[in-house]
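Computed from a predicted model, the values in this text were never measured in an experiment. Chain letters run A, B, ... following the sequence lines, proteins first and then strands; every chain starts at 1.
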Amino acid sequence: MPEVRGPPPAKRFRAGPGVPGNRGAMLPGGRRPLLGAEALERQRRSLPIFAARGPLLARLRSAECAILIGETGSGKTTQIPQYLYEAGLGRQGAIAVTQPRRVAAISLAARVSDEKRTELGKLVGYTVRFDDVTSEDTRIKFLTDGMLLREAISDALLRKYSFVILDEAHERTVHTDVLLGVVKAAQRRRKELGKPVLRVLVMSATMDVDLFSRYFDGAPVLYVEGRQHPIQVYYTKQPQSDYLHAALVSIFQIHQEAPPSQDILAFLTGQEEIEALCKACRDIARHLPDGCPPLLVLPLYASLPASQQLRVFQGAPKGSRKIVVSTNIAETSITIAGIKHVIDTGMVKAKKYNPESGLEVLAVQRVSKTQAWQRTGRAGREESGACYRLYTEDEFEQFDKMTVPEIQRCNLAGVLLQLLALRVPDVLGFDFVSKPSADRLQAAVEQLELLGALQRKKDEPPALTPTGRKMAAFPLEPKFAKTILLSPRFHCTEEILTIVSLLSVDSVLHNPPSRRDEVQAVRKKFVSSEGDHLTLLNVYRAFRNVGGSKEWCKENFVNSKNMLLAAEVRAQLRDICVKMSMPIESSRADTGNVRRCLAHGLFMNTAELQPDGTYVTVDTRQPVAIHPSSVLFHCKPACVAYNELLSTNKCYMRDLCVVDEDWLYDAAPDYFRRKMRAAPS
DNA sequence: ACGTAAAAA
């Protein structure tokens with residue numbers, strides 16, 4: 001039982017067991033001032049992992065694959081690559097260290113190159129999308145897992161590397177999951193070909209060790225302790241029917257009882273809820289009794305403009321308390337220093353797959369135990385802390401042990417296309433750590449077949465077509481890659497590149513619910529009656545015309561960070577087109593051609609207006625509605641193409657384009673003949 | 001008739 005410091009437990013909570021070890025992500029940690037060589041060495045030696053250095057190296061030398069369980073603060077991610085290098089293990093080929101997130105890859109590389117006293121990009125470097133800071137000399141290379149996967153497309157044996165470290169494997173991102181299979185296959189294939197062995201180290205927090213070990217034929221599991229401060233965990237005595245209300249009450253209980261220097265982090269599920277709770281907090285804070293310190297209330301979620309996100313890192317003015325109300329972005333991606341109290345509603349908004357309807361549903365649901373512990377760990381980063389769980393201990397025991405791996409919840413078309421591009425002999429038989437259901441694999445194969453990316457012959461595994469190979473060159477969802485490939489036929493590649501780029505980053509349109517009227521008024525000038533795609537195109541053109549002015553973005557509720565990212569994506573996609581010798585033309589004022597092209601690329605995602613004013617999809621006759629964020633929300637076009645279906649309260653189509661039914665027949669005659677015959681009309 | 005988590009290529 002960890003010791004209890006900090007404020008006394010709130011009355012409505014009951015103390016439960018403390019944190020059993022920790023399941024944290026190793027966090028990037030900012031750049032710190034350079035220490036003297038001796039001090040630096042002392043610091044490195046003081047890390048928990050240092051004591052394990054010798055035995056660890058001995059095990060890693062004898063095993064081709066090992067699993068390492070390292071708790072937060074063990075120093076595993078920064079130290080192990082250096083140990084391996086110092087022991088001469090990274091001489092024949094470089095050491096790759098993968099991360100699920102860009103910022104982590106970048107800051108870890110910076111940190112390790114500091115420790116090695118070398119310039120970033122020499123001995124130690126990193127590769128992430130849009131940014132490659134490596135050279136011939138780079139022996140320790142941090143990269144995103146998605147980036148290593150891209151590299152594998154041109155070199156499935158990962159010849160550059162002698163060692164691959166897959167970090168944060170417990171997060172089970174799609175990329176990590178696929179990479180596990182790719183690395184395993186490369187390891188075996190290299191052995192068959194008599195090439196130098198590829199060593200693999202899977203690093204994870206505790207929960208899924210057995211799974212990884214079994215997957216790698218009983219690979220040895222090594223443990224390293226962490227350095228985490230004690231956190232007292234409290235549960236509610238009674239189940240809470242209204243977690244928002246419970247969160248509000250808890251916030252003010254802590255606020256009235258704990259010293260104001262102690263900051264609070266509360267986990268909620270989404271933007272609207274967070275903004276509402278923030279407003280409630282500010283309202284209540286204005287009417288608190290005398291002597292109660294002021295409260296600085298800050299929302300945090302991914303679509304929040306960067307300038308507002310950065311505010312969570314600043315300390316509250318002396319004498320007042322900071323409370324950050326966040327989505328699960330603060331679970332792993334953003335680390336806030338100085339958090340003493342965590343409030344966990346136990347809820348998260350996440351995609352899940354509904355096998356009955358075959359639809360992906362974005363729903364508020366219970367977190368897993370792993371996730372709850374991850375949230376708890378956010379309270380003990382610098383010193384001891386407390387976590388208030390707004391559910392009972394019995395309820396907690398009912399939570400799923402682990403979050404369902406993403407690969408079992410997402411559309412697999414992109415994954416399969418990538419596997420095919422990797423020349424995996426039989427994609428349906430691919431050795432996944434957690435195999436997705438056969439139904440979903442089959443659905444992905446059919447989707448790719450309709451897009452012309454693969455061919456199925458009797459008794460043979462599906463094979464990539466030349467179109468499919470081209471599609472795989474684009475870092476995009478298959479349907480968008482196909483749309484780009486189709487665009488020369490409609491002389492609108494310039495426009496399609498812009499639209500696809502805008503759609504492949506987080507929304508460039510910022511919609512603060514509190515300022516809805518303002519947003520609508522200012523956005524009017526961009527709105528196209530032809531739909532959201534062309535509206536986005538107008539926004540981008542306006543943005544370019546003002547030279548990407550930040551001021552303009554602010555005035556127009558445009559997220560400048562995402563806009564600049566979209567511009568980078570566009571440049572990358574354009575490069576790929578140029579390399580393929582695609583003609584890049586503009587359709588100029590002819591928006592009809594742009595819509596024709598979209599109709600050809602998105603023909604699987606179309607819906608028709610019914611006599612009663614509702615819509616049904618052409619594909620499965622599923623009733624759908626136009627999402628309120630669409631510029632077509634108040635319109636009733638006869639036929640639309642959409643980017644995606646999102647099932648929340650209703651099944652909504654997001655990002656719509658008005659299309660002509662005839663174009664769809666042109667795009668996929670067989671498909672529509674089949675669909676229309678099935679439909680009563 | 002009325003609302004979108006996060007992350008990556």
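- Here the side chain of N328(A) is nearest to one of dG3(B), dA8(B), dA6(B), namely dA6(B).
- Residue contacts shown for R654(A) include a base, since a base heavy atom lies under 4.0 Å away.
- Considering only side-chain atoms of T648(A), the nucleotide from dT4(B), dA9(B), dG3(B) that sits closest is dT4(B).
- Per the geometry, CZ belonging to F474(A) stands 22 Å off P belonging to dA8(B), to the nearest Å.
- Stacking of R389(A) on the aromatic ring of W373(A) is recorded, both the 6.0 Å distance cut-off and the 45° axial limit being met.
- Side-chain N/O atoms of E273(A) and Y243(A) include a donor and acceptor closer than 3.5 Å.
- Distance CG (L503(A)) to P (dA7(B)): 19 Å, rounded to an integer number of Å.
- Residue N649(A) places no side-chain N or O under 4.0 Å from the OP1 or OP2 atom of dC2(B).
- Taking F399(A) as the reference, Y391(A), F396(A) meet the ring pair (Phe, Tyr, Trp, His ring centres under 6.0 Å) condition, with sequence neighbours excluded.
- Rounded to whole angstrom, the span from the CD1 atom of I626(A) across to the P atom of dT4(B) amounts to 16 Å.
- A search for salt bridge (Lys or Arg N to Asp or Glu O under 4.0 Å) contacts involving R570(A) returns E494(A), not counting sequence neighbours.
- Side-chain N/O atoms of Y652(A) include one lying less than 4.0 angstrom from OP1 or OP2 on dG3(B).
- Looking at the side chain of L362(A), the nearest of the listed nucleotides dC2(B), dA7(B), dT4(B) is dT4(B).
- Classification of R101(A) and E171(A) as a salt-bridged pair holds, one side-chain N sitting under 4.0 Å from a carboxylate O.
- S303(A) has no side-chain polar atom (N or O) that falls below the 4.0 Å cut-off from OP1 or OP2 of dT4(B).
- The listed nucleotides are dA8(B), dG3(B), dA7(B); the one nearest the side chain of A302(A) is dA7(B).
- Considering only the side chain of I329(A), dA7(B) comes nearest among dA7(B), dT4(B), dA1(B).
- To the nearest angstrom, P of dA7(B) lies 9 Å from CG of L300(A).
- Of all the residues in residues 125-134 of chain A, V128(A), R129(A) reach under 4.0 Å from DNA chain B with at least one non-hydrogen atom.
- Side-chain atoms of K650(A) lie closest to dA1(B) of the nucleotides dA7(B), dT4(B), dA1(B).
- The N511(A) side chain lies nearest to dT4(B) when the options are dT4(B), dA9(B), dA7(B).
- With sequence neighbours excluded, no residue forms a salt bridge (Lys or Arg N to Asp or Glu O under 4.0 Å) with K636(A).
- Close to dA6(B), at under 4.0 Å from its OP1 or OP2, lies a side-chain N or O of T327(A).
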With a 3.5 Å cut-off and sequence neighbours excluded, list the donor-acceptor pairs that the side chains of residues 405-413 of chain A form with protein atoms.
unit_1, atom_1, unit_2, atom_2, d
E406(A), OE1, V174(A), N, 3.2
Q408(A), NE2, K435(A), O, 3.3
R409(A), NE, V404(A), O, 3.0
R409(A), NH1, K351(A), O, 3.1
R409(A), NH2, V404(A), O, 3.3
N411(A), OD1, A413(A), N, 2.8

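- To the nearest angstrom, P of dA8(B) lies 16 Å from CG of L148(A).
- Spacing between atom CG of L646(A) and atom P of dT4(B) amounts to 6 Å, rounded to whole angstrom units.
- For N562(A) and dA6(B), the CG to P distance is 11 Å, given to the nearest whole Å.
- The listed nucleotides are dA6(B), dT4(B), dA7(B); the one nearest the side chain of R101(A) is dA7(B).
- For the pair F267(A) CZ and dA6(B) C1', the computed distance is 13 Å after rounding to whole Å.
- Closest-nucleotide positions on DNA chain B for L476(A) and Q271(A) were compared, and the one nearer the 5' end corresponds to Q271(A).
- In this pair, F432(A) and F430(A) present their aromatic rings perpendicular. The plane angle is above 60°, beyond the 30 to 60° band.
- T269(A) comes within 4.0 angstrom of sugar-phosphate atoms only, judged by non-hydrogen atoms across all strands, and of no base.
- For dC2(B), the OP1/OP2 oxygens have no side-chain nitrogen or oxygen of R516(A) closer than 4.0 Å.
- If you check every strand for non-hydrogen atoms under 4.0 Å, L149(A) touches nothing.
- Remark: E518(A) engages R515(A) in a salt bridge (Lys or Arg N to Asp or Glu O under 4.0 Å) (not counting sequence neighbours).
- For S629(A), no side-chain nitrogen or oxygen approaches OP1 or OP2 of dG3(B) to under 4.0 Å.
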